Amino acid sequence: MHIPDGFLDAKTLAVTSAVSYLTFFYSGKKILKKIEAEKVPLLGLSAAYVFLLSSISFPLPFGTSVHLQGSFFISLILGPFSAFFINFLSLLLQALLLSHGGILTLGANALNIAFLGCILGFYLYKFLTRILLKFENVVIFFVALLTILIGSLLVALELHFSGKISFQKSAFIIIFSHAISGSLEGIFTVFLFNFIKKLKPKLLEIEKI
């Protein structure tokens with residue numbers, strides 16, 4: 001899902017960067033106002049988790065890639081904006097150190113991965129669990145899968161509007177491949193959530209920012 005530099009036009013870069021950078025600075029302000037000292041190591045561990053997980057990627061046609069993300073999972077632990085903040089920084093480090101995604105396309109990658117996984121995923125999870133109280137695991141799997149599918153759809157649209165690929169020709173392979181990775185992400189997220197719920201339930205009780 002990482003888009004390298006040179007694949008998006010100026011208008012797509014401007015729109016995606018505006019959304020992501022504004023969210024990043026807003027998230028930073030929320031964290032500085034509410035963060036507790038004991039939560040800082042957890043932020044670092046979560047950043048390392050998403051960095052390592054999404055560093056293992058497999059290339060796709062059209063210049064992008066498919067991989068697990070961990071974005072939605074860390075939002076369940078930290079909250080949407082804390083998770084977005086460290087996911088954004090993780091994407092920046094991946095671009096600088098591993099060339100996974102570009103510097104100019106950081107905003108687009110953060111929108112497709114961090115914004116959808118952390119913020120949309122967290123609030124969709126909260127909404128659905130109020131309705132489906134007894135099916136929390138199903139909700140977690142569905143949200144993890146859905147955020148990745150929406151992200152892959154955005155990738156295809158961003159590349160299409162930038163004139164790099166035809167949406168009709170690329171959408172199937174991009175969305176299908178991410179449906180597979182999204183299903184794995186859903187299973188992995190359910191497993192980790194229940195593991196922590198059983199072993200360290202207090203982690204799920206910390207204040208979500």
Side-chain angles (χ1 to χ4, degrees), residues 1 16 19-36 38-51 53-54 67-92 106-155 178 181-197 200-209:
M1 196 178 288
T16 55
V19 174
S20 294
Y21 281 96
L22 286 173
T23 307
F24 175 73
F25 289 116
Y26 176 75
S27 300
K29 289 181 69 175
K30 284 184 73 70
I31 293 171
L32 288 174
K33 284 182 179 179
K34 296 186 176 182
I35 193 68
E36 298 174 355
E38 58 269 22
K39 194 176 178 182
V40 173
L42 186 58
L43 292 174
L45 287 172
S46 299
Y49 168 75
V50 294
F51 180 86
L53 196 63
S54 57
H67 53 82
L68 297 179
Q69 296 178 10
S71 303
F72 172 54
F73 172 71
I74 62 171
S75 77
L76 295 177
I77 305 297
L78 303 172
F81 295 101
S82 296
F84 176 88
F85 186 82
I86 62 170
N87 205 166
F88 185 98
L89 294 177
S90 174
L91 289 168
L92 175 60
L106 177 61
N109 290 325
L111 174 64
N112 303 335
I113 297 172
F115 188 92
L116 292 179
C118 299
I119 297 178
L120 175 65
F122 180 83
Y123 287 111
L124 185 58
Y125 161 79
K126 285 292 186 183
F127 173 74
L128 290 177
T129 48
R130 291 193 188 100
I131 302 171
L132 305 169
L133 295 175
K134 298 181 179 180
F135 301 96
E136 185 175 36
N137 288 336
V138 175
V139 170
I140 291 173
F141 175 86
F142 172 74
V143 172
L145 171 61
L146 184 63
T147 54
I148 288 182
L149 286 178
I150 296 174
S152 68
L153 178 64
L154 275 182
V155 169
H178 283 88
S181 70
S183 298
L184 293 174
E185 178 96 14
I187 295 169
F188 195 51
T189 304
V190 169
F191 171 78
L192 284 179
F193 180 82
N194 283 283
F195 179 77
I196 289 178
K197 192 175 183 179
K200 291 282 186 180
K202 288 186 177 180
L203 279 180
L204 301 176
E205 298 170 2
I206 63 174
E207 183 185 9
K208 306 293 189 290
I209 301 176

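Predicted model only: the values in this text are computed from it and were never measured.
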Give the minimum heavy-atom separation between Ile86 and Ala47, together with the two atoms involved. CD1-N, 3.6 Å

Taking the side chain from Asn112 and the backbone from Ala108, do they hold a donor-acceptor pair closer than 3.5 Å? yes

Which residues pass the side-chain contact (heavy atoms from CB on, under 4.5 Å) test with Phe188, not counting sequence neighbours? Tyr49, Leu53, Leu192

Between Phe193 and Leu204, does a side chain to side chain contact (heavy atoms under 4.5 Å, CB included) hold up when you go through it step by step? CA-CA 9 Å; Phe193 180 82; Leu204 301 176; 3.8 Å; yes

Let me confirm one number: the CZ-CG distance from Phe73 to Leu78, rounded to the nearest 0.5 Å. 9.0 Å

Measure the CG-OG1 distance between Leu124 and Thr147 for me, rounded to the nearest 0.5 Å. 8.5 Å

Looking only at atom types and distance, does a side-chain atom of Ser152 sit under 3.5 Å from a main-chain N or O of Leu149, one as donor and one as acceptor? yes

side-chain hydrogen bond (donor to acceptor under 3.5 Å, both in side chains) partners of residues 128-137, not counting sequence neighbours, each pair once: Tyr125-Glu136, Glu136-Lys197, Asn137-Asn194

Intermediate values then yes/no, side chain to side chain contact (heavy atoms under 4.5 Å, CB included), Val138 and Leu132: CA-CA 9 Å; Val138 175; Leu132 305 169; over 6 Å; no

Side-chain donor or acceptor of Lys34 paired with backbone N/O of Leu32 under 3.5 Å: no

Quick one: are Leu154 and Leu116 in side-chain contact, heavy atoms under 4.5 Å? yes

CA sep, side-chain torsions, deciding dist, call: Leu106, Tyr21, side chain to side chain contact (heavy atoms under 4.5 Å, CB included): CA-CA 9 Å; Leu106 177 61; Tyr21 281 96; 3.6 Å; yes

Tell me whether the rings of Phe24 and Phe85 are parallel (<30°), tilted (30 to 60°) or perpendicular (>60°). parallel

Mark yes when over 12 heavy atoms from residues, nucleotides or ligands other than Phe127 sit less than 6.0 Å from its CZ; otherwise mark no. no

Sequence neighbours excluded, the answer for side-chain hydrogen bond (donor to acceptor under 3.5 Å, both in side chains) partners of Ser90 is Gln94

Residues at least two apart in sequence or cross-chain that pass ring pair (Phe, Tyr, Trp, His ring centres under 6.0 Å) with Tyr26, listed by chain then number, are Phe81

Working to the nearest 0.5 angstrom, can you tell me the gap between Leu145 CG and Ile140 CD1? 13.5 Å

With ring pair (Phe, Tyr, Trp, His ring centres under 6.0 Å) as the criterion, how do Phe88 and Phe115 come out once you've worked through the C-alpha distance, each side chain's angles and the decisive distance to 0.1 Å? CA-CA 9 Å; Phe88 185 98; Phe115 188 92; over 10 Å; no

Verdict with supporting geometry, Leu128 and Val143, side chain to side chain contact (heavy atoms under 4.5 Å, CB included): CA-CA 9 Å; Leu128 290 177; Val143 172; 4.1 Å; yes

Shortest non-hydrogen separation from Ile148 to Gly182 and the atoms involved: CD1-CA, 3.8 Å

State the CG-CG distance between Leu92 and Asn87, to the nearest 0.5 angstrom. 11.5 Å

Of all heavy-atom pairs linking Gly79 and Phe122, the shortest is CA-CE1, 4.2 Å

Working to the nearest 0.5 Å, report the span between CD1 of Ile113 and CZ of Phe84. 11.0 Å

State whether the side chain of Gln69 and the backbone N or O of Gly117 hold a donor-acceptor pair below 3.5 Å, judged by distance alone. no

Working to the nearest 0.5 angstrom, can you tell me the gap between Lys208 NZ and Leu76 CG? 8.0 Å

side-chain contact (heavy atoms from CB on, under 4.5 Å) partners of Leu203, counting only residues at least two apart: Leu42, Ile196, Lys200

What are the two closest heavy atoms between Thr189 and Ala144, and how far apart are they? OG1-CB, 4.1 Å

Do Val50 and Ile74 have side-chain heavy atoms sitting under 4.5 Å apart? yes

Sequence neighbours excluded, which residues qualify as ring pair (Phe, Tyr, Trp, His ring centres under 6.0 Å) partners of Tyr123? none

Side chains of Ser82 and Leu43: does their closest heavy-atom pair fall under 4.5 Å? yes

What is the minimum heavy-atom distance between Ser20 and Gly107, and which atoms define it? OG-O, 2.5 Å

Looking only at heavy atoms, the pair that brings Ser71 and Cys118 closest together is O-SG, 3.5 Å

